[in-house]
Amino acid sequence: MGVKPMGCGWFGGLILALCSCGADAEPARQTPSAARAIDTDGSDPATPTDAAGDPTPSDSVLPADTSGDPMAPGEPEVPGDTNVPGDPQSPLSTWLIGVGTAHAAGREITYQLWKVQAAEGPATFVEWLAPEGNTPRPAVLLPYAYAGIDWSDDPLDQPWADLPTGGYPDINGPDYQPSSGTIFFGPVAPPDVVANAHLYLAHNFGVLAVYDRFYLGGDVANDRQDMVNGYAFLVTQALVQAARIGTLGVSWGGFEALYGAAFAPAAVRPVVGVAISPVVDCADEYTWVHTDIQTGVLEPNQRAGYLAFFDPYIRRIVAATGGAPGVAGADYSLWTTDALVSRMTTSFLLIHDTWDLFIPVRQSQVLVTTAPNTFAGLWYDHATPVDLNSTPFSHGPLGPAGAYGSATTFAMAFLLTHLADTTQSVTLEYSAQVMTQWFDDLHARQLAGVNVDNVVPRLRELGDPRVTMLEIESLVEPQGGAGLVAAHLNRLWGTSLTASTLLAALATGLPPP
C-alpha cells in the first residue's frame with residue numbers, strides 16, 4: 001500500500017509529508033565502500049530539489065582544504081561541558097568531516113559537514129552553513145528526519161548509501177520483525193540542503209541541518225538527543241547569536257523541533273519555533289493508532305494498511321517508554337503535552353490541518369489551550385469533521401495541493417519576523433493564487449460563523465513594516481506585506497485599509513464579515 005510518510009519531501013529545508021513510500025524491497029546489503037568524496041563542484045541548483053532528486057552526489061573532488069581553519073577535518077575538538085539536559089555535564093566532541101560549496105541566495109555558500117558526539121549515545125551528523133561576516137547572527141536548526149547521507153564515517157550508513165528514494169523495510173528499527181511496516185528513505189546531497197535554506201541565507205542567518213537518520217533505527221529518545229546535540233554544537237560556533245536561535249520542523253520533524261527545543265542546552269535554547277503537523281503527545285499518538293484507527297476504520301485491509309504505516313513510529317515510541325500507555329513499567333512522563341508545557345521556554349507556532357490522519361489535530365490544539373502564552377495555533381479548518389474511512393490518508397490539504405502553500409508563508413513569517421532585528425528587512429515568498437484562495441476561504445468560514453481569531457496574529461506578522469512579499473509563480477512586483485493583506489481585506493470585507501492603517505485595524509481583530 002503506497003502511503004505518505006510522516007515528514008518527507010521538502011519544505012524550506014525541512015522534510016514534509018509529500019513522498020510516497022510503498023516499496024517492499026529490502027535495502028541491499030553492501031560492503032562499506034571507501035570514504036566518499038564530498039561534492040564541492042559549486043553546482044547551482046536552480047530550485048530546491050526534492051528528496052527524489054539526484055541520488056548519487058558528485059564524487060569529483062576531495063573535501064576542500066581547510067588548512068586555514070582552526071581545525072582540520074578529522075581532528076576532534078572538545079569544547080568542554082555543554083550541560084545538555086538529561087545528560088548532566090555532558091562534554092561534546094566534534095569532528096569536521098568535510099567542506100564544500102554550493103550556490104544559493106545569490107552567492108557561493110560554504111557548507112561544513114560535522115560529526116557531533118556527546119559523552120553517551122550515538123553520534124549525530126550535521127551540516128553547518130555559517131553566516132557571513134564576523135558578527136554573531138541568528139541561526140536556525142532544521143531537523144532532517146529521513147534524509148540519507150553518504151559522507152559520514154558511520155559504517156551503518158553504507159548499506160543505504162546507493163539506494164534510491166523510496167520505501168524500505170525498517171531493518172534497523174527496534175524490535176524489527178519481517179511483518180513490520182516500511183519506512184521512507186531519501187538520499188540528500190549537501191548542496192540540496194544549501195538550496196533549500198536559501199531564504200534563511202538571504203537574511204544572513206546561520207543554518208544547521210541535523211540528520212536524524214530515521215532509517216538507522218533508534219527510538220524517540222535518540223531522535224530528541226540528535227536535536228540536543230545540534231544545539232550543543234551551536235554553543236561552539238562564535239558566529240551564532242545565542243539569544244536569537246529558531247527552529248522549524250514538519251510532521252516527525254515537528255516532533256523533533258518541539259522536543260529538541262524543550263530539552264536544548266539553556267545557553268542556546270531557541271527563542272522561536274514552528275511545528276507543522278507535529279507529534280505532540282506520544283501517549284495520544286499511541287491511542288490514535290491503536291484505539292481511534294483500530295475501531296474507527298471499518299474496512300479491514302484499509303485498517304491493516306494504516307497500522308502497518310504507523311508501526312515504525314509506534315515501535316520507536318515503545319522502545320523509549322517501555323510499553324503502551326498505562327501498561328505496568330511504561331513511562332511516558334517525558335513524552336506528553338505536560339512534559340512540553342513544563343519545560344518549554346520557546347515561543348512556538350503550531351500549524352495543523354483538521355483533516356490530518358497521521359497526527360490528530362487535537363494534539364496541537366490541546367497544547368495551545370494548555371499553555372497559550374507559549375504556544376500559538378493556526379488551524380486549517382474544514383466544513384466537516386475528519387472521516388477516518390473516506391478522508392485521504394495524509395496530513396490534510398493544508399491549502400491547495402501542488403503549490404507554494406500558505407502554511408509555508410505563515411511559518412516563515414512567524415520565524416523570520418521574530419529572529420530579524422528591528423531594522424532588518426524581511427523577505428517572504430508566497431503564491432498569489434494560493435494566498436487569494438486562503439483569504440477567500442477565511443472570509444467564507446467567518447461568514448459561516450466559525451471563530452477565525454487565531455489568524456489575526458499571523459496577518460499582523462505579514463503586515464509587519466519590515467516585510468516584503470515576493471511572488472514565486474509570476475512576474476508580479478514585490479510588495480509590502482501590509483499592502484497585500486490590506487488589499488485582500490478590502491476586496492472581501494469592503495474596508496478601505498491601507499498599508500499604514502492595517503496594523504491598527506487588526507488590533508481589534510478582523511472586520512465583521
Side-chain angles (χ1 to χ4, degrees), residues 1-8 17 20-24 145-146 167-171 173-184 214 217-221 223 251-252 254-255 258-259 277-339 352-367 382 384-397:
M1 172 179 165
V3 294
K4 299 178 180 180
M6 287 196 208
C8 57
S20 174
C21 69
D24 294 323
Y146 306 103
Y168 296 94
D170 187 23
I171 57 174
D175 193 28
Y176 170 73
Q177 305 293 329
S179 60
S180 297
T182 60
I183 59 170
F184 175 81
F214 191 89
D219 57 27
V220 292
D223 295 345
S251 190
W252 199 253
F255 159 78
L258 284 168
Y259 280 87
S277 309
V279 174
V280 172
D281 189 304
C282 289
D284 185 73
E285 188 67 14
Y286 190 101
T287 299
W288 173 252
V289 173
H290 288 284
T291 299
D292 296 76
I293 296 293
Q294 184 70 25
T295 61
V297 177
L298 302 179
E299 205 281 314
N301 290 334
Q302 182 182 14
R303 183 169 61 247
Y306 287 5
L307 294 177
F309 166 80
F310 286 112
D311 170 73
Y313 303 96
I314 295 299
R315 286 188 287 112
R316 283 161 174 77
I317 291 173
V318 169
T321 59
V327 171
D331 183 3
Y332 281 76
S333 60
L334 296 178
W335 306 104
T336 63
T337 298
D338 290 342
H352 216 137
D353 195 297
T354 60
W355 277 3
D356 191 334
L357 284 186
F358 292 171
I359 303 154
V361 69
R362 69 193 184 205
Q363 292 187 22
S364 292
Q365 291 177 336
V366 168
L367 184 60
H382 299 275
T384 59
V386 64
D387 186 326
L388 294 179
N389 295 285
S390 62
T391 302
F393 190 50
S394 71
H395 277 302

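On a predicted model such as this, the values are computed, not experimentally measured, just so you know.
Side chain of W355 to backbone of S394: no donor-acceptor contact under 3.5 angstrom is found. Side chain of Y259 to main chain of W335: a donor-acceptor pair is present (N/O by atom type, distance under 3.5 Å, no hydrogens or angles). Checking side-chain atoms of N389 against main-chain N and O of L298 turns up a donor-acceptor pair under 3.5 Å. Although no hydrogens or angles enter the test, the distance criterion places a donor-acceptor pair under 3.5 Å between the side chain of H352 and the main chain of I359. S364 places no side-chain N or O within donor-acceptor distance of the main-chain N or O of V361, the cut-off being under 3.5 Å.
Interatomic distance, OG of S390 versus CD of E299, reported as 13.5 Å (0.5 Å rounding). Distance check, rounded to the nearest 0.5 Å: CD of Q177 to CG of D311 gives 9.5 Å. Rounded to the nearest 0.5 Å, atoms CG (D356) and CH2 (W288) are 8.0 Å apart.
Applying the side chain to side chain donor-acceptor pair (under 3.5 Å) rule to Q294 yields no partners; only residues at least two apart in sequence or on another chain are considered. Listed by chain and number, the residues in a salt bridge (Lys or Arg N to Asp or Glu O under 4.0 Å) with D292 are R362 (sequence neighbours excluded).
A pairwise comparison of heavy atoms in D175 and S180 identifies O-OG, 4.2 Å as the closest pair. Closest approach of S333 to A339, counting heavy atoms only: O-CB, 3.3 Å. Pairing each heavy atom of F310 with each of I293, the nearest pair is CE1-CG1, 4.3 Å. Nearest approach of L357 to Y306, heavy atoms of both residues: CD1-OH, 4.4 Å. Minimum heavy-atom separation, Q363 to D281: OE1-N, 3.2 Å. Here the closest non-hydrogen pair linking T337 and L367 is CG2-CD1, 3.7 Å.
Of the listed residues (V386, V280, D284), just one forms a side chain to side chain contact (heavy atoms under 4.5 Å, CB included) with P360, and that residue is D284. Paired with R316 under the rule side-chain hydrogen bond (donor to acceptor under 3.5 Å, both in side chains), one option of D170, D219, D223 passes, and it is D170.
Ring centroids of F358 and F309 are separated by less than 6.0 Å, placing the two rings close together.
Residue pairs satisfying the side-chain hydrogen bond (donor to acceptor under 3.5 Å, both in side chains) criterion with at least one member in residues 318-329, sequence neighbours excluded, are listed as follows: T321-Y332.
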